[in-house]
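Beneath this line is the structure, given in structure tokens, with notes to follow.
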Amino acid sequence: MEICTTIAQIRGTVAGYKQAGDRVALVPTMGYLHEGHMTLVRRARAEGDRVVVWIFVNPTQFENPDDLAKYPRDTDRDLAMLRAEGVDAVFLPDASEIYPEGAETIVETTKLANMLHGAVRPGHFRGVTTVVTKFFNIIQPDVAIFGEKDYQQLQVIHRMVRDLHMPIEIVGQATVRESDGLAMSSRNVRLSPEDRAAAVVLSQSLAAADAAAKTGATVAELHQIIGDTIGAEPRAKLVGCDIVAAETLADISGPLTGLTAIMISVEVGGVMLIDQKEVTP
Ligand code: PAF
């Protein structure tokens with residue numbers, strides 16, 4: 001596995017792959033990898049001949065410097081996991097390589113980035129689209145894999161790639177779940193055994209909403225089902241539930257007319273968990 005820390009190194013490595021006619025699949029990460037990331041890596045292996053992973057804790061997508069400083073890092077462990085998975089190259093640049101002195105250019109999806117999660121985390125998605133554009137320009141992959149768990153991020157990336165005519169295929173990878181349905185997340189380890197058991201209520205509420213959507217439930221009824229299911233679990237508190245049109249993330253009401261995304265944020269034992277599901281009428 002090649003480990004590249006400079007733009008020149010990763011460009012040289014990827015140029016070699018392309019000269020050999022290989023299709024390059026990219027997995028973007030901020031490190032501290034878990035099984036969910038490994039699923040993205042395996043999907044990349046299925047989508048391309050060469051798998052490149054980037055590990056970069058992107059400062060511009062954190063609104064709070066404290067969150068950035070506290071973001072967990074374990075590069076040695078990450079590299080061991082990627083090596084075991086047969087990854088071809090890893091790009092691990094310093095922030096100064098990616099954001100040189102005087103960098104002032106930003107990339108933003110002006111609507112999608114500023115609604116829902118973006119409305120409560122101003123600047124977050126702008127930081128994501130800016131860094132993803134930089135890495136796409138540096139690595140020039142044929143295909144890039146993003147998790148569906150970060151649903152709004154995936155839609156933002158789709159829109160950016162479409163609007164800016166980037167010649168890169170974006171693949172959304174389904175959320176990886178524990179056997180009881182809890183979406184995998186590095187946050188799950190912070191749950192006590194009781195809270196861990198209670199956290200199953202997130203996927204249960206989405207499954208209940210999915211079943212109701214199929215029998216003609218309206219948006220208001222879906223909100224009610226999510227609220228009631230989460231409300232029945234004393235350890236869980238529903239913090240947010242957005243039911244929106246899948247691609248545009250636009251607000252909807254009344255009966256569902258097409259692909260609809262349900263995104264929930266739930267606090268369990270002081271840990272904020274998110275989950276999402278696409279449902280159809
Ligand atoms: O999803 C993430 O881990 C990050 O937002 C990404 C796409 C790697 C950009 O920093």
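Ligands are counted one by one from 1 in listed order, and the atoms in each one are counted from 1 as well.
- Judged by distance alone, the side chains of S96 and D94 never bring a donor and an acceptor atom under 3.5 Å apart.
- Here the protein heavy atom with the shortest distance to atom 3 (O) of ligand 1 is M30 CG, 3.7 Å.
- Residue R45 forms a side-chain contact (heavy atoms from CB on, under 4.5 Å) with just one option from I145, L40, V51, and that option is V51.
- For atom 9 (C) of ligand 1, the nearest non-hydrogen atom of the protein is Q61 OE1, 3.3 Å.
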*List the steps, then state whether side-chain hydrogen bond (donor to acceptor under 3.5 Å, both in side chains) holds for D195 with S192.*
CA-CA 5 Å; D195 291 331; S192 69; 3.1 Å; yes
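- A cation-pi arrangement, defined by a distance under 6.0 Å to the six-membered ring centre and an angle within 45 degrees of its axis, is present between R77 and Y32.
- For atom 1 (O) of ligand 1, the closest non-hydrogen atom on the protein side is Q153 NE2, 2.8 Å.
- Of all atoms in ligand 1, numbered sequentially from 1 with element shown, those under 4.0 Å from a heavy atom of V131 are 9 (C), 10 (O).
- In terms of polar-atom proximity, defined here as any N/O pair under 3.5 Å, W54 makes no such contact with ligand 1.
- Results of the side-chain contact (heavy atoms from CB on, under 4.5 Å) test with V266 over L238, I226, V271, V239 single out L238 as the only residue that passes.
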